[in-house]
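The next block holds one structure in the form of structure tokens; read it before the comments.
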2 protein chains.
Amino acid sequence: MRLVIARCTVDYQGRLAAHLPEAVRLIMVKADGCVAIHADGGAYKPLNWMNAPNTLREDGGTWSVTNPAGESLTITLHEVFEDSAHELGQDPGLVKDGVEAHLQELLAADPSTLGDDLELVRREYPTDIGPVDLLCRDRSGTAVAVEVKRRGEIDGVEQLTRYLERLERDPALRGIQGVFAAQVVKPQARVLAESRGIRWVEIDYDALRGIEVPQMRLF
Amino acid sequence: MRLVIARCTVDYQGRLAAHLPEAVRLIMVKADGCVAIHADGGAYKPLNWMNAPNTLREDGGTWSVTNPAGESLTITLHEVFEDSAHELGQDPGLVKDGVEAHLQELLAADPSTLGDDLELVRREYPTDIGPVDLLCRDRSGTAVAVEVKRRGEIDGVEQLTRYLERLERDPALRGIQGVFAAQVVKPQARVLAESRGIRWVEIDYDALRGIEVPQMRLF
DNA sequence: GTGTATATCTCGGGG
DNA sequence: CCCCGAGGTATACAC
């Protein structure tokens, strides 16, 4: 990783056109070739950047970064305060716990949390407008579509509504019911779900984890 | 801006739990207090981060970053290879051109791209759930609401559907039609739009720019 | 402050 | 490769 602190101007031409007036900034060049221009604030997002794969050409105080898609980033260095490089090596990567995919896994393993005697038919059941998280059947054989969210907001209810509309057209699924499952279901989402005959369930993540087998734990 | 290259482990506890095993990484601390942990690859997004406002406490080789929302980032330094600081100053900021606002401008200037003889009534026409991008009328006097996107996805169709439902309640707009305009309209969005009687149009941005007057350009 | 809409979103998974 | 959905989305702007 190369780190350059310099007074510079930057121009990006590609999906949009963007220009940075002259100022002192950090230019970060990673081992995979990606380039990011950082100011001293504004969260982690750089002011300007170019992702790999790309080509970096240095010509005196002018850097040209181009990629196969035809985008270009031009950096003009007016004054360089530091220019250092470090070997970081391969990163072992981030281990995450507590995201929607994990919730979905846990619920797929034990759908009874969502209602009496629910049995899983399949996860990511496909429709022509995208896959529904869980397709189940209850004891009476009625199909049940489940949308799982970490935070249950109005968008999720809309999403489940679209799926139900599509699934209802399949004769084998006629009469399908909807369940909206999330750790927290916001008031607006509750109202919308109820007005559409969709049942909503708040899930206790820690309780679900408690019944989980040890080797499923990530760390 | 402080830049530290170090062998470290990192743990985040907050909206989820995430762990980084020991490896050499860049730790960037910006003037506003935000902290980002970068590996030597993988676009501009850091592996882990904590945005301002937060509190950084250094205790030997252990850094604790906490924020008012109760999230925490713990960095354990095992070996420090570099630790430098630089004064960057206030950044004048980015000048952008070519985003959705620009597309909307161009279409407002020439709505005929969207359909025969469309005439603009007004941009950002207000409804009680937000403004619709363009309100037009066609030759027959029928109102037409236009939602403009750079990339036409399912969310945009939902958005336009909500506006149409509101606008239909206005007697002066009864019978209003919807047009979903984007540089690219994704297949799922096409299906949903058609099933709701909304016409979709793909826009050629470069062709629109070609007929644009020079003083509309930003730089 | 909450809600809504945008983003050069980034990132990962599946066909 | 594209399509699609999730994100600790972040960010700006309106109410």
Side-chain angles (χ1 to χ4, degrees), chain A residues 10-18 34-37 42-52 54 65 67 69-73 93-94 96-104 123-124 126-133 147-151 153-156 159 162-163 186-188, chain B residues 12-18 34 36 42-52 54 67 69-73 93-94 96-104 124 126-133 147-156 158-160 162-163 182-191:
Chain A
V10 184
D11 282 278
Y12 166 77
Q13 287 284 336
R15 280 169 276 187
L16 55 61
C34 73
V35 180
I37 320 290
Y44 66 69
K45 195 177 180 183
L47 294 163
N48 233 326
W49 69 90
M50 185 80 99
N51 286 347
N54 60 35
V65 191
N67 74 6
E71 299 170 278
S72 72
L73 189 71
L94 187 66
K96 283 187 186 183
D97 184 24
V99 288
E100 184 197 306
H102 193 215
L103 263 182
Q104 196 196 112
R123 284 173 63 185
E124 302 290 350
T127 77
D128 60 356
I129 53 165
V132 67
D133 288 338
E147 182 62 34
V148 181
K149 289 275 181 256
R150 219 163 37 78
R151 294 185 313 174
E153 303 186 10
I154 220 159
D155 283 3
Q159 195 178 343
R162 291 194 298 270
Y163 292 144
K186 296 291 181 72
Q188 290 186 330
Chain B
Y12 165 77
Q13 287 285 337
R15 280 169 277 188
L16 53 63
C34 72
Y44 69 68
K45 196 178 181 183
L47 295 164
N48 234 326
W49 69 91
M50 187 77 98
N51 285 346
N54 61 34
N67 74 7
E71 300 168 279
S72 72
L73 189 72
L94 187 67
K96 285 186 184 184
D97 181 26
V99 285
E100 184 197 306
H102 193 213
L103 261 184
Q104 195 196 113
E124 302 290 349
T127 77
D128 57 359
I129 53 165
V132 67
D133 289 337
E147 181 62 36
V148 181
K149 289 274 182 261
R150 218 164 42 76
R151 288 160 35 115
E153 303 188 7
I154 219 159
D155 285 1
E158 293 286 13
Q159 194 180 341
L160 179 53
R162 290 195 296 271
Y163 292 144
Q183 287 177 268
V184 180
V185 180
K186 294 299 177 72
Q188 289 191 332
R190 295 180 185 196
V191 170

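Here is the naming used below: chain letters follow the sequence lines, and residue numbers restart at 1 for every chain. This one's a predicted model, so the numbers in the text were calculated from it and none came from an experiment.
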Quick check: do H102(B) and K96(B) have side-chain heavy atoms less than 4.5 Å from each other? no
Extract the stems that DNA chain D is part of, considering only consecutive pairing runs of at least three Watson-Crick or G-U wobble pairs, both distances under 3.5 Å. C:1-7 with D:9-15, C:9-15 with D:1-7
Categorize Q159(B) for me: base, sugar-phosphate, or nothing, with a 4.0 angstrom heavy-atom threshold over every strand shown. sugar-phosphate
N or O in side chain of Y163(A) less than 4.0 angstrom from dG5(D) OP1/OP2: yes
Which part of the nucleic acid, if any, lies within contact of M50(A), taking any heavy atom under 4.0 Å across all strands shown: a base, the sugar-phosphate backbone alone, or nothing? nothing
E147(B) near the nucleic acid: base, sugar-phosphate alone, or nothing, with a heavy-atom cut-off under 4.0 Å? sugar-phosphate
If you measure from the C1' atom in dA7(C) to the same atom in dG7(D), how many Å do you get, rounded? 13 Å
Where is the tightest heavy-atom contact between N51(A) and W49(A), given as atom of each residue plus distance? OD1-CD1, 3.5 Å
Separation of atom NE2 in H102(A) from atom C1' in dG8(D), rounded to whole Å: 17 Å
In whole angstrom, give the distance that lies between atom CG of D133(A) and atom C1' of dC4(D). 13 Å
Footprint string (nucleotides 9-15 of chain D, 5' to 3'): B base within contact, S backbone only, - free, heavy atoms under 4.0 Å: SSS----
Nearest-angstrom distance from the residue atom CD of Q188(B) to C1' of dC2(D): 12 Å
Against the side chain of K149(B), the closest entry in dT8(C), dA6(D), dA5(C) is dA5(C)
Quick one: side chain to side chain donor-acceptor pair (under 3.5 Å) partners of N48(A), sequence neighbours excluded? none
Whole angstrom value for the distance that separates P of dA5(C) from CD of E158(B): 11 Å
Kindly write out the residues that satisfy side chain to side chain donor-acceptor pair (under 3.5 Å) with R151(B), not counting sequence neighbours, or none if the list is empty. E153(B)
Can you see whether K149(B) engages Q183(B) through a side-chain donor-acceptor pair at a distance of less than 3.5 angstrom? no
Counterpart residues, side chain to side chain donor-acceptor pair (under 3.5 Å), relative to N67(A) (two or more places apart): E71(A)
